[in-house]
Structures are given as C-alpha cells and as structure tokens.
Amino acid sequence: MTDVVAIKDQVEAAVQAALTEVLPAELAGADPVVRRSDRADFQSNATLAVAKKAHRAPRDIAADVVTHVAEGESPKIDAEVSGPGFLNLTVPDQMIWSNVAARLADDRLGVSTSRTGERVVVDYSAPNVAKQMHVGHLRSTIIGDTLARVFDHLGAGVIRQNHIGDWGTQFGMLIQYLDEHPDAAWRGRGAETMDALDGLYKAARKEFEADPAFADRARSRVVALQAGDEATVATWRDLVAESETAFEAIYQRLNIQLDHDNFDGESRYNPALPGIVEALTEAGIAIESDGAMVTFTDGVVNADGDPVPLIVRKRDGGYGYAATDLATIRLRVDEYRADRILYVVDARQALHFRLVFDTARRAGWLPESVHARHVAFGTVLGTDGRPFKTRSGDTVRLTDLLDEAVGRAHAILAERDTGLDAEELDAIANAAGIAAVKYADLSNTRTKDYVYDPAQMVSFTGNTGVYLQYAHARIRSILRKAEQTPPDTTATGTAATSAAGPDAGEPGMLAGVDVTAPLEPAERALALALDEFDQALRDVADTLEPHRLCGYLYAVATAYTKFYDTCPVLTAPNPTTRTNRLALCDLTGRTLDTGLGLLGITAPERM
RNA sequence: GCGCCUGUAGCUCAGUGGAUAGAGCGUCUGCCUCCGGAGCAGAAGGUCGGGGGUUCGAAUCCCUUCAGGCGCACCA
C-alpha cells in the first residue's frame, strides 16, 4: 500500500516551491492558497495575500511564479496570470490519469492513515434501561457511529462507549412494582419486552404518585438496590440484560457498530463517586452549597447573577450524572490513554459539559494535551417545524420511525421495474429505508435543528442516501456488463483493480489505465473529484462534521452523471478509452461504496 | 438578565477570506429513439436578517442591533 499524493497537494508543493524562489526569505513560508477553480483545475491566490508585505504588485509576483512553475519538474503544471494576480493552474492529463490508476490499485483508494497513533474515545447513543429507544437517540447514535468509523478508517485507535442509563432512583420504583405484580410478563419477549417495560414503568409511576404507601416501599427498594440486596439486584440485572438485547437488535438493524462490548453503564462508576467528591473537596474545588457539594466555573451565572453550580453530590447524598461524567473522564484519560474524547450529545447539554470540562481541568484529571469536545447536535423537527412527535404528541419510537422509512422505500421500489424477486426487494427496501434516515440526518449541518421529512428522504433525486445508493448500483451494472461483453477489437482488458493486471508492465499503463490518454472535460471533472476523497475524510475528522462527507459523495455522484451523459463507456470509440472510462466507473463505484460505508450505509449491487 | 446555537432563492439546505453566492424540490424553455431517465443543457428566482468595521478582497473575521430556538441548583 502506497499513499497517493493528491493532485492538489502536488500543485500546492509546486506553487510553494515557486513562491520560495520568488519571495524574500522572510515570506518563504507563505500559504500557496490553492483552491479548486471554475476557470482552470486550480487557482492560487497567494500573490494577492503577500503583495503588500513583499512591496510588489500581485501581477508582478504572479508572473515570476509562472516562470518558476514552468521550470519545475515534469509533468509540467501550466500556470497563467489572471485578473488582479490570480494564478490559474492546469495540471497535465497524465498526472490525473496516474492518480486514478494509483487509487484504483490501492485497497484504501489512496486514503492515508493520517490519524495513526491517536486514541479517540467516542461516547454516543446512550439509551436508558427499561425504556424504548426513541427519536431522541437517533442523532447521537448515527453521528457518533459515523465519527467513530471515520477516525477508525484514518488509522486512529477508536474506543466506542455507549453510556447506558442503567442506574437511578427510578429503578427502585420499577423493581418494587414488578415485585408486587409477578404476573406481569416482560422477560424474554424480544422487541415487545421494551414495550412491556415502558407500560410497567408508567403504571409504577402512577401508583407512586397515587399511593404514599407504595411510594415508601419504592424508596426503600432504592436503598436495597444501592445496598446490594440480592433479590433486588437480580431483578435489576434482568432489566439491564433484557434492555441490552433490545438495544443490540436496533443497532444491528441500523447498522451501528455498537454491541455488548461497548456498553458502559453508569452503575459501573458507582464505587468511584465518593472518591471523586472527596478529591474535589480536598483540592478546594468543590464546596458545600445549600447542602450539596458543587463546583463553580468563572463567569457562568444564572438569571439572578448568581454563579451556576455543577452539583457533584446532591443534598440527599446521592450522585447525579455530573459525578459519573467526571469519573468517566478519569477512566478515559488514565486507563484508556485517550488523546481525544468526543461526547455526541444534544446541544442542550452545552452548559453541563462546559462545567464538567472546567472542573476536570482544574482537578488535573483532564490535561491540556487531551481534547475533550462536546459534539453537539440540534433537534429533529417535524415538517411543521416543531420537535418531531407523533400525531397524538408522544415521542416517536425508533422502531416505528424505521418501519415507516423502510415501508416508503419498499413502496417506491415496488413501483419501479427492477426485476427483483420479493426477497431481494425486501432486503433492498430495508437498506434504502435505513440509508434514507441516516443520510437525512448526516447530510445536514450537525449543530442545526433539521426537519425530518420521510417523503423527501427516500427520493431517488436530490441529495439523498437513496440517490447515492442508486448511483452506485448503476455503476455496478455497467461494470458487470463490461465483463460479459468485452470490446470487439483485441481486448485491452477491463479495468483491473490491481497493479498486477495484464497491462501493468507495459509502458504508459498503470492498473490497466493508459495514463497517456487525453481527457475529456467530464472525465477530468470526475477524476479531480475522486482525487479529493482523502481530503474530504480529513475534513470530517478535523471538524467533526459528517455532512462534509455527504456533500463530497453527492458532488462525486453528480460529476459521474455528467460523465455518464457525455462519455459512452461500453460503446466507447476505442478499447483504450473504454478501459480508461471503466477505470473511472470502478473508482467512482468504490469511492461511493467506501464513503457510504463510513456513513454506516450499505451500497447494494442492484436496486 | 446572562450564555450557547441559528438567520443564504418560494420551500429544504450547501458554501468559514478569493473572481459571477451554489444544489435539490417547485416553475418555464430546449435536447437525447444512448451503457438502468439518478436525465442533460438553459431560464426565471437572492438587500446572504439590518447597520458599522477590518482587508487588495467578507455570506465567511470583529463590533453592534433585530428575529427565532435552547439552556441557566440537586431529573438524567
């Protein structure tokens, strides 16, 4: 596996080298400011930026740069001055074909493992035991999964942690109710177990509020649970185990890389909590306030102008999630040696994380070298612009939401003349429905609220997951057909996916691609888009914004459409053109497949 | 009151210092009897919430203001 140097990087290096020659030594490190351009392959705006410091006219500097770029190593990059001093840069066809061939010859499509050696903890999903997963868990689960996949793909050591809500006073109430209603069926009922528990929890709450005697028994049950009473703990374990089974079923359906190995319940941290408060108190960071132990962060005040506390121990001696969040930080830093901790949590928790991180920093538990980041996301809205609810105003269960999306995808696919049998249709409708939901979420700017529109998201047109799956399927169709119908003249071979292809040894040939061939404009645009895959993935990791990958894949797909429209592949005018175009098809298909895979979306062979 | 997020085409959204602000949906006009019509090409549609500033250059950075959403002590 050899890393492929992106064409943009090659151009930057060439411009950088030229600038070093042209500018005074103290400006030698100037940013070459190379961007894609609609007037050439790339443009450099560097001369305008440095002109003032260099005491020269931008066009004058640009002219010198042109000369030096022209003297650079082959293959030559063509540069010309434009407007006030822009440099329009055009790269030779051979450079482009060479990168197509090199990416095709690499399993990783030339994407480097730029995050090697970094350890990243991703905290996401976080459902609650004995409760149905609902729309409120959707974004954390989907976004966290994608970020984990991208960091993993870039070579980082990723630790996925699903911080399950498995502890709290509500379990005393539920367990007491179950104990008093032994006939209530909920164990071992698969998907229905969670429905049953939801109902039992509501019933328990009702009784808790209506019957003071039950409320008392429920409170003492909390004490029993905390004290480790055997029978109580046994029921609690059942609740956790049944819930985890249900969560895993949803993750599998959603194609989320979480299973029991990633479950990290809050209860795990119970033994550490007294020590957390003790250490903070000894350090003078936590102080007593209204009976609770709290920490304060400079400059954070409430409506009355009083400082806002982080409550690490409640007045009644119990611990809230501030304490467990601090405990997890210690574990992740000390044991897991994390370099980066990502909390994929609703934006409304922003203040909480600010206080937690500040407290952990001051306690010395979170050194400056470790990046802790609240990866905030907005609310899922209905088409009415208000938080997404059922018609009756209830929270939407995740299973129902997925059922609807898959159902819509099924209806659309059934109307199309796909020639698929019923079983295939079901499988593909499922893949399409899941893709629709995930892509709709991931393609929007993370921090903004977004409108959940089932009709739009399963559409075959526009920036949707289904559109990208369809683009991939059609490319695969062409590649299959190419194998069945070789060109009528002496075969140059189909697009080889390995450098060991039959033509690899011939001059001008790489991975079956003739790198000396001329490029059509549509081929050029597509190839240059494909060359940016690595950069797109780095951008996602740098910004923690998955929608950049969505935008990239959509740009690739639309570039492919224009190519497809103007450049016949199977009926290309000659075998070399056909082979090279098949190579573009192959690389496009694999880029979409890999990119969708990083979004947690499968790309079917046909649909 | 303070803090965070958001404001871009009729609608849903991209675009975080570069030349003419882009897509999809919707509207209008052409084109292709072609490898899976995911059409393709073009038109119409914009005070980038308003104002000021920095810069050779601002949707993008800074200040200010307006509007909306959210958060601000013992629920997680």
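Proteins come first, then strands; the chains are lettered A, B, ... in the order of their sequence lines, and each starts at number 1. Heavy-atom basis, side chains included; hydrogens, waters and symmetry copies ignored.
In this entry the distance linking OH of A/Tyr450 with P of B/C13 reads 11 Å, nearest Å. Whole-Å rounding puts the A/Leu310 CG to B/C72 P distance at 13 Å. Atom CE in A/Met607 sits about 16 Å away from atom P in B/G36, given to the nearest Å. Going from atom CD of A/Gln456 over to atom P of B/A23 covers 18 Å, rounded to whole Å. If you take CG of A/Asn128 and C1' of B/C75, they are 11 Å apart, rounded to a whole angstrom. Rounded to a whole Å, the CG atom of A/Leu355 is 14 Å from the C1' atom of B/C74. In this structure, A/Asn580 places its CG atom 22 Å from P of B/C35, rounding to the nearest Å. As rounded to whole Å, 11 Å separates atom P of B/G15 from atom CG of A/Asp539.
Distances from the side chain of A/Lys314 to the nucleotides B/G3, B/C75, B/C70 place B/C75 closest. Of all nucleotides listed (B/C40, B/G36, B/G15), B/G15 comes nearest to the side chain of A/His547. Listed nucleotides: B/A14, B/G39, B/G36. Nearest to the side chain of A/Asp565: B/G39. You'll find that the side chain of A/Ile311 is closest to B/C74, out of B/G1, B/G36, B/C74. Comparing B/G3, B/G18, B/G39 by their nearest atom to the side chain of A/Arg354 picks out B/G3. Which of B/A14, B/A41, B/C70 sits closest to the side chain of A/Lys448 comes down to B/A14. Candidate nucleotides B/A14, B/G37, B/G71 were compared by shortest atom distance to the side chain of A/Tyr564, and B/G37 ranks first.
Judged by atom type and distance alone, A/Gln170 does not reach the base of B/A76 through any side-chain donor-acceptor pair under 3.5 Å. Side-chain to base pairing of A/Ser289 with B/A73: one donor and one acceptor N or O lie within less than 3.5 Å of each other. Remark: the A/Ser82 side chain and the B/A19 base include a donor-acceptor N/O pair separated by less than 3.5 Å. You'll find a donor-acceptor pair under 3.5 Å spanning the side chain of A/Asn88 and the base of B/A19, going by distance alone. Judged by atom type and distance alone, A/Thr461 does not reach the base of B/G24 through any side-chain donor-acceptor pair under 3.5 Å. Judged by distance alone with a 3.5 Å cut-off, a donor-acceptor contact links the side chain of A/Gln349 to the base of B/A76. Put simply, the side chain of A/Tyr467 and the base of B/G24 share no donor and acceptor less than 3.5 Å apart.
In summary, the aromatic rings of A/Phe208 and A/Tyr177 are positioned with their centroids too far apart to meet the 6.0 Å limit.
A/Ala303 comes within contact range of at least one nucleobase, with a heavy-atom separation under 4.0 Å. Residue A/Asp290 is classed as a base contact, given a heavy-atom separation below 4.0 Å to a base. The residue A/Ala49 sits close to a base: some heavy atom pair falls under 4.0 Å. Among the atoms of the strands shown, only primed sugar atoms or phosphate atoms (P, OP1, OP2) are found under 4.0 Å from some heavy atom of A/Leu351. Note on A/Tyr560: a base of the nucleic acid sits closer than 4.0 angstrom, heavy atoms only. Looking at heavy-atom distances under 4.0 Å, A/Asn45 makes contact with a base. No contact: A/His352 has no heavy atom under 4.0 Å from any strand. Within the 4.0 angstrom heavy-atom criterion, base atoms lie near A/Tyr470. At a threshold of 4.0 angstrom between heavy atoms, the contacts of A/Val308 are confined to the sugar-phosphate backbone, with no base atom among them. Using a 4.0 Å heavy-atom distance criterion, A/Cys567 is classed as a base contact. Nucleic acid contact for A/Val294: base, since at least one base atom lies under 4.0 Å from a heavy atom of the residue. Here A/Arg315 lies in heavy-atom contact (under 4.0 Å) with a base.
Taking the six-membered ring where tryptophan is involved, the planes of A/Tyr269 and A/His163 are tilted, since the angle between them lies from 30° to 60°. The aromatic rings of A/Phe357 and A/Tyr343 are tilted relative to each other, their planes meeting at an angle between 30° and 60°.
The gap from the C1' atom of B/A14 to that of B/U54 amounts to 27 Å, rounded to the nearest Å. With C1' as the reference atom, B/C72 and B/G24 are 39 Å apart, rounded to whole Å.
By the criterion of a centre-to-centre distance under 5.5 Å and near-parallel planes under 30°, the ring of A/Phe86 forms a stack with the base of B/A19.
The phosphate of B/G36 has OP1 or OP2 within less than 4.0 Å of a side-chain N or O from A/Lys481. For A/Ser477, a side-chain nitrogen or oxygen approaches OP1 or OP2 of B/G36 to under 4.0 Å. At the phosphate of B/U6, OP1 or OP2 sits under 4.0 Å from a side-chain N or O atom of A/Thr447. Within the structure, a side-chain polar atom (N or O) of A/Thr445 is placed less than 4.0 Å from OP1 or OP2 of B/A14. A close approach under 4.0 Å does occur between a side-chain nitrogen or oxygen of A/Arg35 and OP1 or OP2 of B/G18.
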**Request:** Take A/Phe563 and A/Tyr560 through the ring-ring contact (aromatic ring centres under 6.0 Å, His included) test and state the conclusion after the steps.
**Result:** CA-CA 5 Å; A/Phe563 158 79; A/Tyr560 181 82; 5.5 Å; yes
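Both cation-pi conditions hold for A/Lys131 and A/Tyr201: the charged atom is under 6.0 angstrom from the six-membered ring centre and inside a 45 degree cone around its axis.
In this structure, a donor-acceptor pair under 3.5 Å is present between the side chains of A/Tyr321 and A/Gln349.
Using Watson-Crick or G-U wobble geometry with both donor-acceptor distances under 3.5 Å, B/A44 finds no partner in any strand shown. A 3.5 Å limit on both hydrogen-bonding distances identifies B/C70 as the Watson-Crick or G-U partner of B/G3. Under the Watson-Crick or G-U wobble criterion, with both distances below 3.5 Å, B/G18 is paired with B/C56.
For the atom pair CD (A/Glu605) and CD1 (A/Ile428), the distance works out to 10.0 Å, reported to the nearest 0.5 Å.
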